[in-house]
Amino acid sequence: LPGQSEISHRVGKDSRQAVLHCVRKSSSQVVKKEQVQATEAMAEQAYTVPTFRERAPEGMQEYQRMAAHFGRDLVQLQHELHRMKVATKEQVDNIEITREVKGMMPLRKDYPAEVPKAPDFLVSLRSHTVWEKTPVKLFCTVSGKPNPIVKWYRNNVAIEPLSAPGKYKIENKYGVHSLIISRCAVTDSGIYSAVATNPHGKATSKATVCVRSECVFFSPHIFSLSLLVIRWSFSNLPCLSFHVGPLGGGELSHLPGQVPLLSGIHPSKLEVTLLESFGVTFGTEGESVSLVANMVVVPDLPNLPPEAMWYRDDTLLMPSRWAEMSIGGGVAKLTLPHLNKDDEGLYTLCIWTKDGTAEHSAYLFVKDATPTVAGAPGAPMDVAVFDVNADYVLVSWKPPNTTHEAPITGYFVDSHIWQRVNTAVQLRSPRFPVYDMEDKKSYRFRVITVNKYGSSEPSEPTAAIQKVDPYGVPSAPGQVIASRNTKTSAFVQWEPPKHANNLMGYYVDASLVGSKKWFPCNHRPYKHTRFVVHGLVPGDTYVFRVQAVNASGLSEESQDSAPFFIDAALSTPSAPYGISLLNCNGSSMTLAWKRPKNTGGSKITSYYLDKREAESVDWKEVNPSPAAHRTFMVENLTTGVFYEFKIQAANLAGVGLPSEPSKAFACEAWTMAEPGPAYDISFWEVRDTFVLVQWKPPVYAGAGPITGYFVDMAKKGSSDFVAVNAEPVGHCYLKVSGLETGASYVFRVRAVNAKDVGKASDVSDPVCAKALPGTKEIVCGVDEETGDIFLNFEACEVSETSKFTWSKSYKEITESSRVSITSSGRNSKLTFVNAEKEDLGIYSVAVTNTDGVSSSYSVNEEELKKMLELSYNIKHPIVPLKTELNYEILEKGHVRFWVQAMKLSSSVNYRFIVNDKAITSAEGYKISHDASTGIIQMTIEHFTKANEGTYTIQIHDGKAKSQSSLVLVGDAFKGALKEAEFQRKEHIRKQGPHFSEYLSFHVTDDCTVMLVCKLANVKKETTFTWFKDDEEIPVDVPPNPMSGSCSLPIPMFSRKDQGIYKAVLGDDHGKDTSVYDISGKVFEDIINAIASIAGSSASDLVLQCTPEGIRLQCYMKYYTEEMKTSWFHRDSKISSSEKMRIGGTSEMAWMQICEPTDKEKGHYTIEIHDGKKSHSRTFDLSGQGNVQMCYMNYLLSVDRGRVVGGLPDVVTIMEKKSLSLTCTVWGDPSPEVTWFKNEQEVVSDDRYKITFEGGKFASLTINNVYVEDSGKYSINVRNKYGGEFVEITVSVYKQGGDIPEPKLGQMAKPAVTPKPATPAPQSVKTPTPPTPTPSVKSPTPTPPPSVKSPTPTPAPKSPTPPRSMRSPTPPRSMRSPTPTK
C-alpha cells in the first residue's frame, strides 16, 4: 500500500518520544492523509483496456464480453480496497497505543549471575531450497555467557550487508539470530554458516541454501490450438502478464494466451506485515500456552485469511487436539492446551506474502511439572520408534534434565494398553528393542523415568505403528513423465504406488537411449513424486524409471518414461532485429530481418509484421497470415510515403516480443544500375584462425546480372573496413583465414554487376574467431560391413529442433541420386551410392538451431582412390588367416587338423574336404570352431593308412571367403602315422600301472650311482622288480611302488656294472617296463658324474715311502680306474711304466716312483676330468735331498710289522667249502694282526675263526662259504715301527657253475655296499689302520734293516709289490714333509 512503510516508521518513532494523547493525534493525522491518497488513487484509471487488432466477429464478441467482466470486477475491487485501508489504519493505531501502554509498565526481574559458558547452538541452522526471486530466512539460537557475537559467512566469506544494500538483513532477537536474503538469485546458492564467538570459545553451525531458477512446464497437448487465437499485442497491453514461476506437482497456473482472472486472489498475493509477535515463552508441563502474532493484512478479506504455517524446530505442526491454530482479524495464534516436555523448542510462524514469506521465531521453554512424588524425575522426551520390521522395533527417547533431582536409575517402557514391556529389567540406556509383536496390530509406546525417589509421569506416547510385513515391499510406481527444466536437467514426475506399505521414498534412475546402462539420479530416498534430475548432457535423449523403497526393500521398477530430449524449457522467442530493405518498386517493399537470438527452445514457426507511416503512432497488421521465412514483400503501399515496420516471432510457446521499429524506408522505386545489398550474412565453420562467411544474393540485381561479390572485414568496434578479396568471388560464400584467435570481427558484402559495385549490405553481427568447445570435424571412412564410402559428422551441440543440412560446394543437397543422408541424435552420415570422380569436391554440414555448429571436408582424387581400394576389399573380402591348415598328434593317437583365422563371426560356415570328399562330424570325426579365438578344427580319432592324402578347409564368413590346404603323403604321413600309433600305445599303457618317468640315473654325494624312476596309477597289489641282463637283482629292501618312485643303488660303480637294466611294474590292470642301457654314452656320463664328485672331494697329494720307492697318494670319496685321471711331472704327462707305476684303490689314486733318484724331483700334479672341467692337486718334491735317504732308512727298518709270505692274490672256491687264509708275519716287537672284508673289520664268530699263533702265523678260516662271502679280504700287520696291508680277492661260485675270473683289486658282485670304516680327510671315507704310522720325519733314528726279509718266504722278485699288497699307510691327516732349503 502507498505510504505503508512511512506509517510504520512514524508510528514507531512517535510512540517512543511522545505521550499517549500525542500518539492518538499523530495517528489521526496519518489516517486523514492516507484517506486523501486513497481517494486520489481511486480517481486514477486502474486498468487500460487494450486496443486489439481487427478480428473476426467471433473474436470481437469474446473480447467485449471479457472486457465488460473485468470492468465490473475492478470497480468492486476499488471500493473494497478503500474500506480495507481505513480499517487497517485504525488497527495500527490501536495496536501501537496498546504496545506503548505496556511499555510504560515494565516488570524488572533479577536474575542470578550465571557461570561463564562457551557458545553453544541450541537450534542449528537448517537447509533451504527456494525459488529464484523469493526471500529466505536462516535462523539459529545461541547460548553462552557472556552473550556470543554471531558473524555470518557464505562459502567461508564474511557477509557484509553494506556491500549489497537491501540484499542481506541480519537480526538478533532474544538470542535468536537470523539472516534474511531478499530476492534470492541462483548465485546465492551455497553453504551459509553462523560463527558464534565469546571469550570462552567458538561454535559454528552450517546449512545449505539451494536456489532454483524459475521455469514453467508445458504439456504438449496444450498447444494444439492455433497460435493466431492466443496472439496478443504486447506493446498495447502493458498490464497483461503471464505468471511464469515455480509450480508444485507439475501443474500450470496460466497457459500462454489465457488472461488471468483478477477476481481470483491467492493468499500469496496478500501484503502481510507482522507487528506485535510472541517472544521467548516459559511454560510448565500440563499448563496451556498461546503464541500470538499481530499483523496487518492488505486487503484484509474475511473469507480469505493469509496462509500461515507453524514450525517447531524443523518440524511443520499440523492442527490437532494438542496444537490448536487460528488466523483472522489480523491475529495468528497457536495454542498448546496441554504442555509436554516434547513441546519445548524454537517456534516459527511463516506467512506467505506477496513478496515471499514473513517469518518470526521465538523459543518456548517447558519446565518439569511438580512431581507427584517428591524428588521423582521428569518424564522422558522425544519418544520415537525406529527400525520397524518383522522381528522387532527400536524405541528410543531423550533423558530428562536432572539438575536438581537424584540420578536416574532406569527406565520402564509401556506398550499397547500400557502394559509394562521390561518388567524384570530396568533399562539403563535410552533405547530398547521390543520383540514378539503381533501381526496387524497397532502399538503405541511411552517411557517412564525412575530414580531412588520414585517414577516420573509417563512421556508423551508415540504414534501408532504396526509390524512391517516381511514381504511387504511397495508396489511399483505408476506412469513416469519427464518434462523440460533447463539445458542440463529434466523435471520427472510419477504416480505413487498403489500399495505404499510404509513407503520411505523413491529412487530415480536414468539411461541414455540406446545404451541400456542405468545410473542413479539420487542416492537417498526422495519423499515426493517429482524430482529434478541434474547433470544431463544437452542434446542427448534419456529415459527414466522410478523405484519405491521401504524398510522391507525396493519395489519393482516402474515402466520407462517416454524418451526425453534434453533442452531448455520452452518460452516465447526474443524479438527479431536488423530489419533491412532489399527492394522497392514504388508500391511494395521487400524486407528482410535477422532471426531472434533466443528461439525459446522451439523452432520458430512464423513471423508477424506490423507497419505504420513514419508520422503516425498507430500500428497496423501487415500479414493476416504469418510469414514462414525471414523475407517478406509488403504490398499496397503508397509511393513517396515513409514506412516503419516491426516484427514478432512465434514458436510452440506463443508469440514473442516485437522488434524495435525499423528506420523509416521511403516507398520509392529503385532504378539504379548497380545491384542492391546482399543480406542474411551468416557464419559457419568458426575456428580459431578462420571462418566461413555466407550470404544471400541481392533481390535487386540492377541493370545486369550479378558477376561477383566483395567481402569487407573489420574488427568489432572499428569502422575501418578492409577488403578480404582483391577479385570478386562468383559464389555466395568465402572462407576468411588469418584471423586472430579470440578476436571478434564484423563483415559486410558488396555485389558487383557489369555497371558497378552495389550498395554494401548491413554490417553483420560480430563473430569471435574461436571454435566451440568440443568441436569435431567431418570424418571420411569406409563402412566395414557394406564397404560404402561415407562422411560422418558428430555435432558438439544439438537441440530438439536441430537438423543437419549437407551441402556440396556450399549448395544444399536436397535430392540426389549420388548420395544418401541419415541422421540420428548428434550424428549425421552422408553415404556415397557409387563413388566416382564426379563426387569430388567440398562437402559441408551445418546444424540448425545451434550456435553455428558446422564443418566441411574436401574429397580429392588421391583420397578417393584410397577409399575405393578399401571399399573393394570390404565388398570382396577374404577371411584373413593367422595360420594355415596344420596338424598335431594328440594323446590316444588322435590327429587334429586346425586353422586359425584373424577374426570369425558367430555365423561362420566352413567344411573340410579330404581327397575331394567333404567330411562331416560323424563317428571317428569331430569338427568344431571357436569364434572368440578364430580356430576351426577337425579331429580324426582313428588315424590309419587310409587317411593319407590332401586335406582342405573352405571358410565362408558373411561375404568373406578363404581356403587352406595341407598335403600329408609320403614320409610326412609315415611320421605322423608312427607318432599317432605311439601315442595310442602310450594311452593304453597309462591305463594300468606305468612309469610316469622312465629309468634315469643320478650320483649321490658318496658316489653311489642310483637308478631312479617315477610310477603312476599303482596300488597295493602292484609289484616292482629289478633286472640286469635279464637276471633279477636281489635287493635287501623290497621296492614300495605306493611311494610313487623306486631306486636301485649301485655302489662302487665300475666297468663291471655295465649292462642292460630293466624295471618291471605290474598288477592285474597291466604291466609296464622301463629299460636302461648302461653302456657307451650313458656309462661315460655316469663316470663323469662320479668324477665330478670325487674330484671335488680329492685331498692334497700325500707322500708315502714303500719298499719299492716313493708313492704319491690322493684320497677321494671314490676312485675307479675308469675315471679320466692324468699324472704330470713338470707339466709332462706321465705314462705308467716300470719306473713310474699308476694305480689306485676305491679310496685313492696313487703313483709309485720306483727307486727314486734326483731326476724324479720336481712338481707332480694329478688331474681328474669330469667331462666339463678338471680337478687338480699338486705336490712339490723339489729340494728334498733326503727323499732317497728316507726311503732307504724305511727299508732298513726290519723290525716293522709285515707279511712275510703265504697269501695268494686271488682265491676261487666253490660254495659250501671251507676257506683258510694263512700267512707268516714278522715284527719286533710282535705285531698286531687285523682282518678286513670289504674294508670292514672281521670279528671272530661261529663261521669266521681268526687265529694268531706264536706271533708268526696268522689265519682266517671261513666255514661253509657262500656266494655272499665273495669280496675283497685284507690283513693289516703293524707294530710300533710300522706295518703292512695285504689284499686278497675271494670269489665263491655255485656248484656246477662256471668259475669266475674276477679282476685284481675288485669285488666280485657284492651284495651289500660296504662303507669305509674310518672317514678320510675332507669327508673321504677310507679305512684307517688301527696303529698309526710314524711320521716320515721321525726324530728317532732306526737301525738299518737288511734289504731282504728275514722270513723263510722270500720277498717278491719284482721291484713293484703285488696288487694285493699295500704299503704301510699313514693317517690321511698327515701330509708328506715339505722340503726345506
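Heads up: numbering here begins at 1 and tracks the sequence.
Distance alone, capped at 3.5 Å, places no donor-acceptor pair between the D610 side chain and the F645 backbone. Looking only at distances, no side-chain donor or acceptor of S659 sits under 3.5 Å from a matching main-chain atom of A575.
Between W593 and Y607, the ring-plane angle classifies as perpendicular under the 30° and 60° cut-offs. Aromatic ring orientation, Y700 versus W670: perpendicular (interplanar angle above 60°, classes split at 30° and 60°). Note: Y733 and H731 have parallel aromatic rings, judged against thresholds of 30 and 60 degrees for the angle between ring planes.
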* Are N585 and S588 close enough, and set up right, to give a side chain to side chain donor-acceptor pair (under 3.5 Å), and what steps lead you there? -> CA-CA 6 Å; N585 61 8; S588 65; 2.8 Å; yes
* Asked: Going through the checks in order, is the side chain to side chain donor-acceptor pair (under 3.5 Å) test met by Q694 and S682?
  -> CA-CA 5 Å; Q694 286 186 284; S682 58; 4.6 Å; no
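A cation-pi arrangement, defined by a distance under 6.0 Å to the six-membered ring centre and an angle within 45 degrees of its axis, is absent between K829 and F793. A cation-pi contact, defined as under 6.0 Å to the ring centre and within 45° of the axis, links K646 to W619.
Counting non-hydrogen atoms of neighbouring residues, nucleotides and ligands closer than 6.0 angstrom, the CZ atom of R183 reaches no more than 12 such neighbours. Residue R687 places its CZ atom among more than 12 non-hydrogen atoms of other residues, nucleotides or ligands, all under 6.0 Å distant.
One finds the CG atom of L609 at 7.5 Å from the CD1 atom of I579 (value rounded to the nearest 0.5 Å).
By the 4.5 Å heavy-atom criterion applied to side chains, V845 and I778 are counted as neighbours.
With hydrogens and angles left out, the side-chain atoms of S828 and W806 include a donor and acceptor closer than 3.5 Å. Side-chain atoms of S807 and E812 form no donor-acceptor pair, as typed in the model, at a separation below 3.5 Å.
The ring of Y843 has its center closer than 6.0 angstrom to the ring center of F832.
R826 and E794 are not joined by a salt bridge, as no carboxylate oxygen comes within less than 4.0 angstrom of a charged side-chain nitrogen.
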